[in-house]
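Only one structure is covered here, and it is reproduced in the block below.
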Amino acid sequence: MEDKRSILISVLVVIAFACVPFVLDVDKSYFVFFLFLSFCYVTITQAWNLVGGYTGQISLGQHAFFGLGAYTTAIIWLRDITKTGYFFDPVTMILSGLVPVVLAIIVGIPLLHRLKGDYFAIGTLGVGEIIKVLFVKGGSFTGASDGLHLPSTVFESMKPYYWTGLFLAIFSTVVVYFLIRSRIGLALRAIREDETSAASHGVHVLKYKVFAFAVGAFLTGLAGSLYAYYLFHINPDAVLKLNWTLYPVLMCVIGGTGRIMGPVIGAFFMNGVFFLTDIYFVEINPIMAGLLIIIVMRFMPGGLIGLKDMIMSRK
Amino acid sequence: MWEYITFGLIVQLFVNGILFGTMYGIAAIGLSLVFGTMRIIFLAQGTMIIFMAYICYWIFTLMGIDPYLSLVIIVPLSLLLGIGLYHILFREAAGLEDKNISLLIAVGLMFLMENLITVIWTANPRFIETSYTSFAFRPMGINISVTRLNGLIMALLSTAGVLLFLKKTMIGMAVRAASEDMISATLVGISPHRVNAVAFAIGIGLAGVAGVGLATIYPFDPYYGFIFALKAIISLAIGGIGSVVGALLGGILLGLIESLASFFFSGGWSDAISFAVFLIVLMFKPEGLFVRSINKA
């Protein structure tokens, strides 16, 4: 993404994606649904990339942020809190991003302060599971295990979903891209490489880690909000399941961790595999996913984006 | 609810918790050994346990061999499986600086096994029903089911076995040395692949023991494995990473917490409570409750 050519290519690809609804029948095409879901994955994977890839803090609690985003949208809508339009309302969506930020700061300060590496990973996993239980046990406020039903009559077309998804995917990629090129990004990468050294050079380690964690939570919450509009029935099994943590981690690592295009490639690739195996090998489709993760990690530890480097270096 | 509580009931809850907690304990010992040498949390451990439980179920239903007798087949089988898995999947990744690669291979393995089990045995819960399944000792009105007691005995025996192996044999000492410091261990001539493979084999071997224990006590389904692995991780953190006895005690403590929590609060809260205990331990005593010295880990 350094030179003008790759920026031009990115802009062209984005325009091509934006024009897809004019070419294909959005409401019937399976392919458009595939793209929509891929955009959601790109958003949350990019968020994880910032926390796990660039800052080196492996968070396994992303599903809590995703679920919190979805629930915030549902609760604001059903209780008529902000008195705005709700269906694809920017205010609701931004609030759905901010609520996970609050959680990320409350949880992040003690966890990031005291835990490192694997301990942080399991700690966040624990937080995620506690949040899930809180929502299951939330009584009428969260609708318990049955969840909340949004008025699905407002649904008209897949088009707003598609464009919002595309927008979020681009938004998160751009946010992460500019963050990484700024002084903040420098500090984050310094923390990843060597925390002690970063601290001795005057980087406030905890502040930057919490910042990255919070930005990741914001982006994940936005995706959760969009998914809530798509799902209409928000329940813990759907929006708080562990896949919302495992998939972004997988997609990020398979695409290439700590690279700006890694999550994009990983998300499209893995989602493509999920869809194709779902169509052609219905019986054994989850096995294929597991097998593929093993194969990619076993033979291409740098991820798919590393494949290009491998070919380049051979020339 | 409070008027029903008697001394006997409390003792019963303790007994149940301790007896089932030993299963978490064995799983946690496996995790601890693998973490010791390879520095990864082997997330597929729970699914391995469930896989072994299904093998035990198969041996029982197809060949009519008693589940406890089938240990003679299952333990060697799982040891071999452990060595095989290490050499096929983890050999290259174990040498890399980035431990996430090994961790993700473990996640991939978990997905693969989970779904393989679903395809072979379907997702219906299975249970091994023998002539003595419902049999229980009743000392002083407390119910101690014979299968759970056997689980406890198996756990204690395998813990003792692992401890003896680590303390008395050459390769066991090599595993301990590698857990302390892999680079120095390599410098004195210990092959990292050999110790990794041994630790892995014992880990999966213990999964075999836990699988048999689980299969005789509880109904199991393919997706229970991941939850089980999480419980094992909690036990490990409570007990202290790197200590075999600590892992077993951590498992027992977790079993106790769950048993009491699911009685005094409703069942759904027990997971949240065990995670909360886990977070508190991580925050304030990250080296574990049963470890005296502070390791770098």
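Every chain is numbered from 1 and lettered A, B, ... according to where its sequence line falls, protein lines coming before strand lines.
Heavy atoms closer than 4.5 Å to chain A are found in both the backbone and the side chain of B:I105. Using a 4.5 Å cut-off between heavy atoms, B:A276 contacts chain A through both its backbone and its side chain. With a 4.5 angstrom heavy-atom cutoff, A:L111 touches chain B via backbone and side-chain atoms both. Only the side chain of B:F226 comes within less than 4.5 Å of a heavy atom of chain A; its backbone N, CA, C and O stay farther away. Heavy atoms of B:L109 lying under 4.5 Å from chain A belong to its backbone as well as its side chain. Residue contact with chain A, scored on non-hydrogen atoms closer than 4.5 Å, is absent for B:I234. Interface remark: A:I295 contributes no atoms to any contact with chain B (heavy atom separation under 4.5 Å). For A:L246, the part lying under 4.5 angstrom from a heavy atom of chain B is the side chain only.
The heavy-atom pair separating A:A64 from A:L103 by the smallest distance is CB-CD2, 4.4 Å. Taking all atoms of both residues into account, the shortest heavy-atom contact from A:Q62 to A:T245 is N-OG1, 3.1 Å. In terms of heavy-atom proximity, A:A214 sits nearest to A:A104 at CA-CB, 3.9 Å.
A:H113 NE2: 12 or fewer foreign heavy atoms inside a 6.0 Å radius.
Ranking A:I131, A:L242, A:V136, A:L250 against chain B, the residue ahead of the rest is A:L242, based on heavy-atom pairs under 4.5 Å.
A donor-acceptor pair is defined here as one N or O able to donate and one able to accept, closer than 3.5 Å; no such pair exists between the side chain of B:S235 and the backbone of B:A247.
Ring pair A:W244/A:F66 is parallel by interplanar angle, where below 30° counts as parallel and above 60° as perpendicular. The aromatic rings of A:Y247 and A:Y41 stand perpendicular to each other, their planes meeting at an angle above 60°, with 30° marking the opposite boundary.
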